[in-house]
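Below: the structure, in structure tokens.
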Amino acid sequence: MNKKWVTIGVLGVLVLGGGYWGYKHFTAKPAVATNITAKAKMGTVSKVITATGTVNFPHSIPLTFKQAGQIQAFNVKVGDAVKAGQVLAKTDDSSLQLAVTTQQAAVTSAQAKLETLKESFNTQTLSSAQSAVAQAEQGVATAQQALTTAQQNAEPNYLANQVSLAKAAVQQASNDYAKAQQTGSASSTALNQALTALTTAQNAQNGGAAQALASAQAQTRSAQAGLTSAQAQLDLQKQGPKSGDIASAEADINTAQVQLASAQKDLANAEIIAPVDAVIVSAPLQLGQQSDATSIITITPAASNLEVAASIAQSDIAQVKVGQKVDITLDSNPDKHISGTVSLVALQGTIVSNVTTYTVTVTIDQANDLLRAGMNANVSIIVDEVKNVLTVPSEAVKTIRNRTGVMVPLTSSTSTGQATTAGQTTTQPNSAGSAGAANAGSGNAGAANAGTAKASATSAAATSKFIPVVIGLDDGTNVEIKSGLTEGQEVIIGTRSSTTATKATSGSLLGGGGGANPARALSGGGGGGGPRGN
């Protein structure tokens with residue numbers, strides 16, 4: 001008896017729970033699908049090829065010293081604009097200057113010899129030769145005197161004494177200046193003069209005197225050579241000119257001129273001179289540095305803009321042509337757009353890891369302060385473009401039965417109608433004996449909601465129609481419409497679903513009720529059966 005009432009009670013609970021679940025489930029609001037639209041509008045469609053590249057100077061000219069030497073002058077820095085012929089850097093050229101002077105004297109001497117030979121022997125030419133000898137002797141004497149003075153000035157003890165005297169003079173001038181400051185009548189003139197004298201003495205001790213000695217020695221040799229030449233000329237005048245002597249004199253001139261040219265070239269090589277108007281790109285030099293062939297100043301012609309070298313895949317390179325416009329952005333300034341033009345397309349590819357790419361050179365249209373050589377750049381090469389054409393979003397274009405077209409809304413609103421409830425059924429949970437039917441009704445709820453979802457999905461399509469169009473260029477975002485639409489006309493680019501439903505319980509007290517899952521109901525999944533019997 002007790003078991004019977006327990007069974008009746010359990011069945012009653014099941015019937016009541018199933019009835020409540022069915023009520024909540026079948027009164028859920030259906031999903032509503034609406035069209036997402038966009039308007040056809042006038043615009044530009046561009047097909048681009050994107051790549052990365054590096055900003056470079058189009059022409060880099062390295063300039064070097066032709067021979068080693070200590071850098072004595074360095075007149076530029078990176079970014080400076082220089083003119084053609086401007087001296088950019090210079091090494092110590094004192095010995096080279098001396099060599100040029102000596103060779104110029106040799107040329108002069110050889111030319112004088114030839115002129116003398118060409119003259120006929122007479123009293124006047126003889127007198128001139130004698131005068132030349134006298135002058136040469138005077139030159140030798142003068143040079144010898146200068147040499148003697150230079151030798152005395154180059155004596156280490158003399159130089160050290162001069163520096164000591166100069167230091168003492170500086171100390172004295174400093175003391176006098178300090179005393180004068182106390183009386184209010186101080187003047188730094190004497191102190192400055194003493195400091196200048198000390199600097200001069202120290203420079204002489206540190207090589208200046210030796211350099212002057214070398215110069216005096218060279219002058220003495222040159223004067224002696226002049227004297228020798230003058231004496232030879234005098235002897236020739238006394239003997240009279242000879243054809244062989246004339247030929248020899250001419251050869252001497254040629255030899256002296258060649259040597260002079262060599263000395264002048266060596267002197268010129270002591271300078272780095274700008275060959276064209278340019279901008280300094282790099283200049284890693286320092287005053288006092290010992291120069292060599294690696295001492296380079298790099299310049300780029302002033303009138304040339306920067307360029308970008310980009311690597312293009314072999315699948316895209318056939319579309320790239322010289323003259324195409326390019327949009328350039330930098331990693332450091334992604335929002336700044338710089339215009340460029342394709343100036344060169346490589347004919348030979350580069351293979352790296354079995355991938356072939358081709359270098360495309362893009363010239364910057366106008367100088368831009370944002371650009372620096374070595375920067376990474378992103379390039380978008382415009383390979384095709386149409387402007388002021390009718391466009392729609394690319395996702396609006398469909399192909400149905402080999403026809404290209406778009407879907408357009410029939411009305412401004414989307415109607416879902418009564419189709420969303422077409423699949424619903426009802427149950428009558430009036431007694432304990434109806435529990436199985438109640439659960440069967442719960443199972444039908446999945447099919448009912450499947451019908452609801454299907455009706456909602458088709459409701460948007462029911463308010464639209466397909467219109468064939470003729471399309472042109474498609475850049476993946478927008479597509480050109482050549483015919484079939486008018487400006488301002490709406491096209492469908494997608495649908496949006498929104499569901500407002502009451503949450504169902506997760507089943508009866510004793511299990512079952514699988515159809516209570518809203519997700520399964522929308523996907524057409526049926527509910528589970530009732531409780532198993534004993």
Side-chain angles (χ1 to χ4, degrees), residues 42-63 75-86 88 273-284 296-313 316-350 357-389 391 473 475-478 480:
M42 304 303 291
T44 298
V45 181
S46 301
K47 182 178 181 181
V48 300
I49 293 174
T50 59
T52 59
T54 305
V55 180
N56 301 311
F57 287 109
H59 306 289
S60 294
I61 304 174
L63 306 175
N75 306 321
V76 294
K77 62 181 182 299
V78 173
D80 282 354
V82 297
K83 296 293 185 181
Q86 181 176 337
L88 309 182
I273 299 175
V276 295
D277 292 353
V279 176
I280 304 297
V281 175
S282 66
I296 298 174
I297 295 177
T298 304
I299 64 174
T300 186
S304 59
N305 289 336
L306 291 168
E307 63 185 21
V308 177
S311 297
I312 305 298
D316 294 328
I317 194 63
Q319 303 177 65
V320 181
K321 309 293 181 186
V322 172
Q324 289 172 337
K325 302 305 294 182
V326 182
D327 180 67
I328 303 167
T329 59
L330 304 173
D331 291 344
S332 57
N333 290 277
D335 297 330
K336 299 293 185 180
H337 292 266
I338 302 169
S339 65
T341 304
V342 175
S343 58
L344 181 65
V345 179
L347 298 179
Q348 177 66 47
T350 301
T357 58
Y358 292 80
T359 300
V360 171
T361 302
V362 178
T363 300
I364 306 301
D365 290 341
Q366 188 172 4
N368 193 299
D369 291 339
L370 296 176
L371 294 173
R372 294 291 186 274
M375 282 184 170
N376 294 327
N378 306 303
V379 300
S380 297
I381 303 173
I382 303 173
V383 298
D384 196 3
E385 184 176 53
V386 288
K387 296 182 179 180
N388 197 29
V389 296
T391 68
L473 186 63
D475 62 11
T477 302
N478 295 298
E480 174 192 5

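Evaluated for a side chain to side chain contact (heavy atoms under 4.5 Å, CB included) with Val48, the options Val383, Ile382, Asp475 yield exactly one hit, Ile382.
Among pairs with a residue in residues 44-60, none fulfils salt bridge (Lys or Arg N to Asp or Glu O under 4.0 Å), at least two apart in sequence or across chains. Among pairs with a residue in residues 370-384, those fulfilling side chain to side chain donor-acceptor pair (under 3.5 Å) read Asp331-Asn378, at least two apart in sequence or across chains.
Residues Leu370 and Asn333 approach most closely at CD2-ND2, 4.0 Å, considering heavy atoms. Between Ala309 and Thr359, the closest heavy-atom pair is CB-CG2, 4.1 Å. When every heavy atom of Ala310 is checked against every heavy atom of Ala51, the shortest pair comes out as CB-CB, 4.4 Å.
Separating the CD1 atom in Ile312 from the OG1 atom in Thr50 is a distance of 8.0 Å, to the nearest 0.5 Å.
The shortest side-chain heavy-atom distance between Thr44 and Glu385 falls under the 4.5 Å cut-off. Looking only at side-chain heavy atoms (C-beta outward), Asn56 and Thr54 come within less than 4.5 Å of each other.
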Output a table of donor-acceptor pairs, distance under 3.5 Å, between side-chain atoms of residues 334-350 and any protein atom two or more places apart or on a different chain; print 'none' if there are none.
{"residue": "His337", "atom": "ND1", "partner": "Asp327", "partner atom": "OD1", "Å": "3.1"}
{"residue": "His337", "atom": "ND1", "partner": "Asp327", "partner atom": "OD2", "Å": "2.8"}
{"residue": "Ser339", "atom": "OG", "partner": "Asp365", "partner atom": "OD2", "Å": "3.2"}
{"residue": "Thr341", "atom": "OG1", "partner": "Lys325", "partner atom": "NZ", "Å": "2.9"}
{"residue": "Thr341", "atom": "OG1", "partner": "Asp365", "partner atom": "OD1", "Å": "2.8"}
{"residue": "Ser343", "atom": "OG", "partner": "Thr361", "partner atom": "O", "Å": "3.2"}
{"residue": "Ser343", "atom": "OG", "partner": "Thr363", "partner atom": "OG1", "Å": "2.9"}

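Partners of Ala377 according to the side chain to side chain contact (heavy atoms under 4.5 Å, CB included) rule, which considers only residues two or more places apart in sequence or in another chain, are Val55, Val308, Ile328, Leu330. In this structure Tyr358 satisfies the side chain to side chain contact (heavy atoms under 4.5 Å, CB included) test together with Gln314, Ile317, Thr356, sequence neighbours excluded.
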